[in-house]
Amino acid sequence: MLRQTVILITGASGEIGHGLITRLAETNSNPIISLDLNPLSKELTALVHHQYVGSILDSQLLDRSLAEFEIDLIFHLAALLSTRSEFAPATVHRVNVEGTMALLE
C-alpha cells in the first residue's frame with residue numbers, strides 16, 4: 001500500500017505556522033500534516049489532513065508519522081526562542097539542535 005504524499009509543518013501552532021498552513025491550504029495540492037506541542041485552533045484543524053500533538057524530540061512520534069505518510073516537503077518551525085535560551089540553554093539546545101537532527105535523520 002502506498003503512503004499518501006504530504007507536507008509536514010513542525011511548530012505549526014505558532015504565528016508563522018498559522019499563516020503557512022492557511023497559504024499552503026489555498027495553493028498546494030498536497031495535504032498538510034502538522035506537529036506541535038499544542039493542538040491547532042479549530043479553524044486550522046479543518047485545513048490539515050492530520051495533526052500530531054507532541055514533541056519534535058519524540059522519536060516514536062516521528063517514526064509513526066514516517067510510517068503513515070510519505071513526507072515530500074518539510075517546513076521546520078519548531079524551536080524555542082532566544083528569550084527562553086537564557087534560562088534553559090540545555091533544553092533549548094535539545095529542541096533546536098537535536099530536534100532538527102532527529103527530523104533530518
Side-chain angles (χ1 to χ4, degrees):
M1 183 164 113
L2 293 174
R3 295 174 295 161
Q4 184 175 18
T5 301
V6 297
I7 297 169
L8 169 64
I9 301 175
T10 68
S13 71
E15 185 177 340
I16 295 173
H18 280 225
L20 183 59
I21 289 171
T22 302
R23 183 71 173 145
L24 287 174
E26 292 172 355
T27 61
N28 201 301
S29 60
N30 283 345
I32 300 165
I33 63 171
S34 65
L35 169 63
D36 200 286
L37 290 173
N38 302 303
L40 296 173
S41 65
K42 288 182 184 182
E43 63 192 34
L44 291 179
T45 299
L47 300 177
V48 300
H49 178 71
H50 185 80
Q51 71 172 301
Y52 294 97
V53 177
S55 172
I56 191 76
L57 298 173
D58 184 344
S59 60
Q60 291 179 344
L61 182 62
L62 293 176
D63 289 345
R64 190 169 76 226
S65 67
L66 287 173
E68 293 178 22
F69 299 101
E70 178 70 33
I71 299 173
D72 182 52
L73 181 62
I74 299 173
F75 291 92
H76 178 43
L77 307 174
L80 296 175
L81 302 177
S82 60
T83 52
R84 187 167 179 189
S85 301
E86 299 170 22
F87 303 105
T91 300
V92 172
H93 182 272
R94 286 186 62 232
V95 171
N96 294 0
V97 177
E98 294 174 28
T100 299
M101 289 302 298
L103 191 60
L104 291 173
E105 290 174 352

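Just so it is clear, the structure is predicted and the values come from calculations on it, not from any experiment.
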Please name all residues satisfying side-chain contact (heavy atoms from CB on, under 4.5 Å) with [X], sequence neighbours left out, ordered by chain then number.
X   : value
L66 : I71
S59 : none
E43 : S41
V53 : P39, Q51

Distance, nearest 0.5 Å, that separates [atom1] of [X] from [atom2] of [Y]:
X   : Y    : atom1 : atom2 : answer
I56 : M101 : CD1   : CE    : 12.5 Å
L80 : T91  : CG    : OG1   : 7.5 Å
I32 : I21  : CD1   : CD1   : 6.0 Å
T10 : H76  : OG1   : NE2   : 4.5 Å
L20 : L24  : CG    : CG    : 4.5 Å
L8  : N30  : CG    : CG    : 12.5 Å

Check side-chain hydrogen bond (donor to acceptor under 3.5 Å, both in side chains) between [X] and all other residues, then give those that pass, not counting sequence neighbours.
X   : value
S13 : D36
S34 : none
T5  : none

If you group Ile, Leu, Val, Met, Phe, Trp and Tyr by side-chain heavy-atom gaps below 4.5 Å, do [X] and [Y] land in one group?
X   : Y   : answer
I33 : L57 : yes
V48 : L61 : no
V92 : L37 : no
L62 : V95 : yes

Selection [range] - residue pairs positive for salt bridge (Lys or Arg N to Asp or Glu O under 4.0 Å), sequence neighbours left out:
range           : value
residues 15-30  : R23-E26
residues 96-105 : none
residues 64-80  : R3-E70, R64-E68

- request: Might you point out which heavy atoms bring G54 and L35 nearest each other, and give the distance in Å?
  value: O-CD1, 3.6 Å
task: Let me know which of V6, L103, I9 forms a side-chain contact (heavy atoms from CB on, under 4.5 Å) with I74.
output: L103
message: Checking F75 now: which residues fulfil ring-ring contact (aromatic ring centres under 6.0 Å, His included) with it, not counting sequence neighbours?
response: none
- line: H49 meets the ring-ring contact (aromatic ring centres under 6.0 Å, His included) criterion, sequence neighbours left out, with F69
